[in-house]
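Residue numbering restarts at 1 for every chain, and letters A, B, ... go by the order of the sequence lines. Quick note: numbers below take in every heavy atom, side chains included, and nothing from hydrogens, waters or symmetry partners. Keep in mind that this is a model prediction, so the values were computed, not measured.
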Protein chains: 2
Amino acid sequence: MRILVIEDETKVGCFIKRALEEESYAVDLCEDGAKGLQMALNTNYDLLIVDLMLPSLPGLEILKGVRQARIQTPILILTAQSQVDQRVKGLDAGADDYLTKPFAIDELLARIRALLRRGSTESPGVLQIDDLALNPATREVTRGGQRIDLTLKEYALLEYLMRHTERVLTRPMISEHVWNQDFDTFTNVIDVYVNYLRNKIDRGRSKKLIHTIRGSGYMLKAD
Amino acid sequence: MRILVIEDETKVGCFIKRALEEESYAVDLCEDGAKGLQMALNTNYDLLIVDLMLPSLPGLEILKGVRQARIQTPILILTAQSQVDQRVKGLDAGADDYLTKPFAIDELLARIRALLRRGSTESPGVLQIDDLALNPATREVTRGGQRIDLTLKEYALLEYLMRHTERVLTRPMISEHVWNQDFDTFTNVIDVYVNYLRNKIDRGRSKKLIHTIRGSGYMLKAD
DNA sequence: GTCTTCAATGACTAGGATACGCATAGTTGT
DNA sequence: ACAACTATGCGTATCCTAGTCATTGAAGAC
């Protein structure tokens, strides 16, 4: 899950970025409004977090810009306590939720989960394919009831796969959402990590879940 | 456990804050009603303490505001002796308990413990994981029947962990609820205290309860 | 139609760099 | 003296690179 944070206060921005990264989201931080809008338009993020108090470009303009471009990405706006009218305008301009500063990081994470969930087929909290289950809250992964330990990157990759099952996921897509990289690095990191995942998830099982689509990418599927 | 106190009398407010902090709660004090309501809405506290006699905004409005926002946080109201009707209205408006001024601080602490207990899944007063037990009323911690002495911060950290077992608790989450810090301090205090706790709780035992989730945070779990 | 060849693609492995968390010692403040 | 916190060095899990090995599928030979 890739998230863009547009926030001019460096301290707050860094804090959010770190917190999200610990939840294994891929995070881009932008401290400039105009630049942020460009990034939002060029990259397909899964979520935008926008501070409405920005120096160069009013946050509202970012919202309008994004929505005019027919981009449906959920947007969460941050406002100061006093800016009640701003908040209303923000929701009118297409924001999906808001949070007033200062806020608790728990609250932010909860709302992010809610927004991402809403976007993707109302998932019931725990993702499941066949006998493979992934619980984002506890970050616990099991197959056939048996616990599987994953590293951060392995987990991030699996979560992305599980949120988009039965669909071919190309390397650039995976690279963007899991590694937060816009351009091809000409490495084989993805292959390596798919291999790691296979070892932990499919090895020794008759029913394989991770399939490679030669020439295209990978797919998670029960068949 | 993070508590918000909304109380306009500076003297009383500071007194409560100090007393609570000595019990190792993380406390925010707010002397203005409107501001307090905002804080209650923005941050997810574990408990609210509200004086019903406030200058800017009647305490009752705060209750209504909070409950309208579907926030279930337990609320304790403070009233003067004469304000019997206020008290009733307060309970009707969603308060969970009340206390009349002047009150004994012990009384306040006891009621707070009761409310926190009730809030968290009807626990039987004493938190327990495996053979580790924590009694919030007496602040007594035992493992295998053996008493364990903890400092204020150690205790606060353990209580937070024990109220959220089997879930990955990230550093920012811990920082907020135990240290009452909204932003990252870029120090390793948390690591150090986890280490202290481990020395007192897990050292020398075969079954470890404190687990680190590399790259994410910590988790208290019996497995 | 079957077999062989070969280039492209992916699977797998090993090892170095890095970042993370642990431990311990040191500092501050009550 | 004790608790709270900071600073630092160290070991290691994790991440990534780079290289080799296996598989695939299409083109050409028979």
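Distance from the side chain of B:Val192 is smallest for D:dA7 among the nucleotides C:dG21, D:dA7, D:dA18. Picking from C:dC22, C:dA11, D:dA4 the nucleotide with the shortest atom distance to the side chain of B:Lys153 gives D:dA4.
Salt-bridge formation is detected for the pair B:Asp191/B:Arg171: a Lys NZ or Arg NE/NH1/NH2 atom is positioned less than 4.0 Å from an Asp or Glu carboxylate oxygen. Of the charged side-chain nitrogens involved, none lies within less than 4.0 Å of a carboxylate oxygen, so that B:Lys17 and B:Glu22 do not count as a salt-bridged pair.
A straight line from CZ of B:Arg198 to P of C:dA23 spans 7 Å, rounded to a whole angstrom. Residue B:Leu197 contributes atom CG, which lies 15 Å from atom C1' of D:dC5 at whole-angstrom precision. If you measure from atom CZ of A:Arg203 to atom P of C:dC12, you get 7 Å, rounded to the nearest angstrom. If you take CG of B:Leu157 and P of D:dA4, they are 11 Å apart, rounded to a whole angstrom. Put simply, CZ on B:Arg18 is 12 Å from P on C:dT30, counting in whole angstrom units. Look at CG on B:Asp191: it is 11 Å from P on C:dA23, rounded to the nearest Å. Per the geometry, NZ belonging to A:Lys208 stands 19 Å off P belonging to C:dG10, to the nearest Å. Atom CD1 of B:Ile174 and atom P of C:dG21 are 11 Å apart (whole Å).
Between A:Ile213 and B:Arg171, the residue whose closest nucleotide on DNA chain C is further toward the 5' end is A:Ile213. Along DNA chain D, the nucleotide closest to B:Asn188 and the one closest to A:Asn188 are compared, and the more 5′ of them pairs with B:Asn188. Taking for each of A:Arg214 and A:Trp179 the nucleotide of DNA chain D with the nearest heavy atom, the 5'-most of the two is the partner of A:Trp179.
Among the atoms of the strands shown, base atoms are found under 4.0 Å from some heavy atom of A:Asn195.
When the side-chain nitrogen and oxygen atoms of B:Thr187 are compared with OP1 and OP2 of D:dT6, one or more of them lie within a distance under 4.0 Å. Listed pair B:Thr212 / C:dC20 fails the phosphate criterion, with no side-chain N or O lying under 4.0 Å from OP1 or OP2. Between A:Tyr218 and the phosphate of C:dA11, there is a side-chain N or O to OP1/OP2 separation shorter than 4.0 Å.
No hydrogens or angles were tested; on distance alone, a donor-acceptor pair under 3.5 Å links the side chain of B:Tyr196 to the base of D:dC5.
With A:Arg163 as the fixed residue, the side chain to side chain contact (heavy atoms under 4.5 Å, CB included) test singles out one of A:Leu134, A:Leu158, A:Leu127, A:Leu220: A:Leu127.
With rounding to the nearest 0.5 angstrom, the OH atom of A:Tyr193 is 9.5 Å from the CG atom of A:Leu157.
Under a cutoff of 6.0 Å and an axis angle of 45°, A:Arg2 and A:Tyr25 do not form a cation-pi pair.
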